Participant: 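Got a structure here, written out as structure tokens. Questions coming.
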Amino acid sequence: MSKYSPAEIEARWQAAWAETEVFKAVRDLNRPKYYVLEMFPYPSGRIHMGHVRNYTMGDVIARYKIATGHNVLHPMGWDAFGMPAENAAMASGGHPADWTYANIAEMKKQMKPLGLSIDWSRELATCHPGYYGQQQALFLDFLEAGLVYRKNAVVNWDPVDMTVLANEQVEQGRGWRSGALVERRELTQWFFKISDHSEELLEALDSLDNWPAKVKLMQANWIGKSRGLQFAFSTVDAPDGHEAIEVYTTRPDTLLGASFVGISPDHPLAKVLERQDEDVAAFVAECRKGGTTEEAIETGEKLGYDTGIRVRHPFDTAHEMPVYIANFILMDYGTGAIFGCPAHDERDFEFATRYGLPIISTYLPDEESPEALDEAYVPPKTERVFYNRGFAGEQWQTGNEAIDAAIAFCEANGVGQGVTKFRLRDWGLSRQRYWGCPIPVVHCEDCGVVPEKKENLPVELPYDNGNAAIDFSVPGNPLERHPTWRDVPCPACGKPAKRETDTMDTFVDSSWYYARFTAPRAETPTVMEDVSYWMNVDQYIGGIEHAILHLLYSRFFARAMEITGHLPKSAHEPFDALFTQGMVTHAIYQTARQDGRPTYHYPEEVELRDGKAFLKEDGSEVEVIPSAKMSKSKNNVVDPLNIIESYGADTARWFVLSDSPPERDVEWTASGAEAAFKHLTRVWKLSTRIKTMSADAEGSGDEELLKSMHKTIHDVTMGVESFGFNAAIAKLYAFTATLQKSKAGHAAQREAVMTLAQLMSPMTPHLSEDIWAAQGGEGLIVNAPWPKADEALLVDDTVTMPIQVNGKRRAEIEVAADLSKEEVEKLALAHEAVVRTLAGAAPKKVIVVPGRIVNVVA
RNA sequence: GCGGGUGUGAUGGAAUGGUAGACAUACCGGACUUAAAAUCCGUUGGGGCUGAGCCCCGUGUGGGUUCGAGUCCCACCACCCGCACCA
């Protein structure tokens, strides 16, 4: 008997699909369209198991949708701009473009053997002028529509390398190459006005019924709509122009507990004081040390500087409070100034304790006195509390009610007004780097900032430095140093001017690629006919790490493209359904070295025995850390190509879907891959056996096999539609076992194995094609209509019902499926085990859930 | 620090609020074999009982809602993701 040989099978069927162009997507108004998209990869040069898992899931959906009669668009592209290309050029010479295109070619070569249903004719790379030129056109339209503007914003500045650093390049507050303490420095940069759309982006989340609730919640929290009070403290001994400090608070109900005012180091008042006072300047300089991330600011030591300025409490002008400059206050949120209420806020409590400021309680648990507070008391939302020095004796519930009441009270007393604010900040898109999409504007001394003319697009990145190669070993942006690229005539007046040397954030590239796939070679960013037909993306699949930024930016971009006429009206939610898949992990094998640090061993060096791991080399035991993210430095990366070589793509695809629910991490194990391969071999042999059966052979149990088959059709269909791939695969295992044991006749077995092949085909398309062809199926299985479950065969005549007494299972009865509740109850109460457990006691209540369970309450 | 998530046998996991552990791995036992591999079959949450049936315990910890909780609610612990210039 011949063998299951995936290498031969897979090459053959991939060739057949290519030849018939089954995956080429063509607009066809007569068929329902279906657009499935996986988040496109960064061309790092190697595909990894995470890619395999991501694209396999998309492929399952795509192939299932083809089988159910949809016109499917399933494209692939490359998120090709970004830092790694420049880092590679820095580390080992070469050019980012060469490095990137070589990586794309390499990764495409690695991806092809997976047998994905991708329309490669639509392939795009964001670093190609054909793509980023259209992105520049979008930028110019956004600029004209008032969706882009310039303002100052802080960046990480490396004072030794004299260069801007990405957050990733800051390690514990220091530049990753120079090791110098990073500072926060202001630069003029371009921004998208995403904040104008805060309310809309928040409200529209409700319409995204097929998005994970957690992603919508994260986005809602990120947008951060809040209701609060904005008011002014009048100052004492402050510089001119700062007679008041404007403050925003979401806790106006704690206003009487205020004991200090804090302002951001970037607050205008802090800037005035910085110029006047050396000590302030030194403190502010101290505050500017460290990176720009919110994490760094929020977890850092809370430092304050007493400016000597005081403010008067608006409800008690005799009560004066100090004004501190504090390093944890963000200029970007609210007004850049806060009042501190140490009694009811843990961060303020920490600050007040450190600087010896009074802790004044307005909310008190029970009748405790304020002095009893040794930590901030944040009252539970539902607890009724009292003010001991309250707003003229007012008493409120805690929570939103108190906040609304406090706002109303303050407004009525002429202290500020209730306002709504959002946490969401405008999206800064300027990057001081070479390998990105050039921002198509020119700076002219006479005309100011002038947009490039559209006919001059694309503004292409210069490949070299005039006559020499671009040098990435010098820190900073090579575009700044380019001898000729910068110098261009002003598009408005023609006088010598300078091109903008900043390039765009790579998030811009990934914010509209889904639309570009609908007409990837068009001379305009989109073509209305194509976007109207193909958009929206019906199913988007990617990692949870993109839950906020990429998805929010894409939602904003779709709105901006709608405003500027690049997307049809009301197509501003680009992704109808979203699925976030988990990572592929792998155990780490490590042994301790002399110096206590671990040595990491490759899986090939380790032997597994009795649930323990040993080094093959000397038999010593190895520590196993299960389920860790695959990482080169930990030697626990499994290369998909090796797996494909040993077992074939179908095995790799089957395994990454089989072992864990798709939204959770899956741990790659050699034994799991082995099991997947064994199963596919079993199915292949099963098909071979059935093929060699006598064609007119009759058997017994055809009816049972048929029933089992239709249940499997039903379960697998449900599984595929609801991303329950692992559960669907479990059903396929069970059905395979049933078929293997079946004594049914040839016709029934042939139908069963062909159906099995069809149900497996989204996961293991090559094997399925092979079985289909071997059994004499018509055409390609990829074009065969999805099997339909016969409802009549799904219901059983009898059901087994467990009987519980007080929630504990005591017995079970086999009853007719349509037996009445009364009859079931009678049977249950008469059951010997129930009678024994009740021991003569009369049941208080009997709950019968038809077809499921009986619970007798004693 | 803030926001979000996850936690079930030796392992990955299954389970519209309704028999916890489907399916797979691992282990053990059996068949086949001169032997091994491969293949096939079977057992396996823990404890108890005068064992072929029954009882008790069991889904991170502690509480709660319910006739009934892995599932819903509250608090805590551990781990993972994000925090606006990583992609």
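Not measured: the values here are computed from a predicted model.
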Participant: Regarding A:E814 and A:T798, do their side chains bring together a donor and an acceptor under 3.5 Å, going by distance alone?
Facilitator: yes

Participant: At a cut-off of 3.5 Å, list every protein nitrogen or oxygen paired with a nitrogen or oxygen from nucleotides 65-71 of chain B, distance to 0.1 Å.
Facilitator:
unit_1	atom_1	unit_2	atom_2	d
B:C67	O2'	A:N855	ND2	3.2
B:C67	O2	A:N855	ND2	2.6

Participant: What pairs with A:F507 under ring-ring contact (aromatic ring centres under 6.0 Å, His included), at least two apart in sequence or on another chain?
Facilitator: A:Y553

Participant: In terms of base orientation, is B:G9 syn or anti, with the syn window spanning 90° either side of 0?
Facilitator: syn

Participant: Mind listing the N/O atom pairs, protein and nucleotides 44-55 of chain B, below 3.5 Å?
Facilitator:
unit_1	atom_1	unit_2	atom_2	d
B:C55	OP1	A:R810	NH1	2.9

Participant: Among residues two or more places apart or on two chains, list those pairs meeting side chain to side chain donor-acceptor pair (under 3.5 Å) that have a residue in residues 77-90 of chain A.
Facilitator: A:W78-A:E123

Participant: Is there any protein nitrogen or oxygen under 3.5 Å from a nitrogen or oxygen in nucleotides 57-60 of chain B, and what are the pairs?
Facilitator:
unit_1	atom_1	unit_2	atom_2	d
B:C57	OP2	A:K808	NZ	3.3

Participant: Only counting residues at least two apart or in another chain, list the ones meeting ring-ring contact (aromatic ring centres under 6.0 Å, His included) with A:Y333.
Facilitator: none

Participant: Can you tabulate the close N/O pairs, meaning under 3.5 Å, that link protein atoms to atoms of nucleotides 76-84 of chain B?
Facilitator:
unit_1	atom_1	unit_2	atom_2	d
B:C83	N4	A:E295	OE1	3.3
B:C83	N4	A:E295	OE2	3.3
B:A84	OP2	A:E294	N	3.1
B:A84	O2'	A:R425	NH2	3.4
B:A84	N6	A:R423	O	3.1
B:A84	N1	A:R425	N	2.9

Participant: Which part of the nucleic acid does A:Q189 contact within heavy-atom distance under 4.0 Å: base, sugar-phosphate only, or nothing?
Facilitator: base

Participant: For B:A87, does either OP1 or OP2 sit under 4.0 Å from a side-chain N or O belonging to A:T506?
Facilitator: yes

Participant: Got a sec, which residues hit salt bridge (charged side-chain N to carboxylate O under 4.0 Å, His left out) with A:K225, two or more places apart in sequence or on another chain?
Facilitator: A:E199

Participant: Strictly by salt bridge (Lys or Arg N to Asp or Glu O under 4.0 Å), give each pair with a member in residues 715-732 of chain A just once, sequence neighbours left out.
Facilitator: A:D715-A:K731

Participant: Hey, can you pull the donor-acceptor pairs under 3.5 Å for the side chains in residues 427-435 of chain A, sequence neighbours left out?
Facilitator:
unit_1	atom_1	unit_2	atom_2	d
A:W427	NE1	A:D505	OD2	3.0
A:S430	OG	A:W190	N	2.7
A:R431	NH1	A:G428	O	3.3
A:R431	NH2	A:D505	OD1	3.4
A:R431	NH2	A:D505	OD2	3.1
A:Q432	NE2	A:D502	OD2	3.3
A:Y434	OH	A:H95	NE2	3.3
A:Y434	OH	A:P462	O	2.7
A:W435	NE1	A:A80	O	3.1
A:W435	NE1	A:T100	OG1	3.3

Participant: State which residues pass salt bridge (charged side-chain N to carboxylate O under 4.0 Å, His left out) with A:K302; sequence neighbours excluded, sorted by chain then number.
Facilitator: none

Participant: Does RNA chain B take part in any stems of at least 3 consecutive Watson-Crick or G-U pairs (both distances under 3.5 Å), and if so, which ones?
Facilitator: B:1-7 with B:77-83, B:10-12 with B:23-25, B:28-31 with B:39-42, B:45-49 with B:53-57, B:60-64 with B:72-76

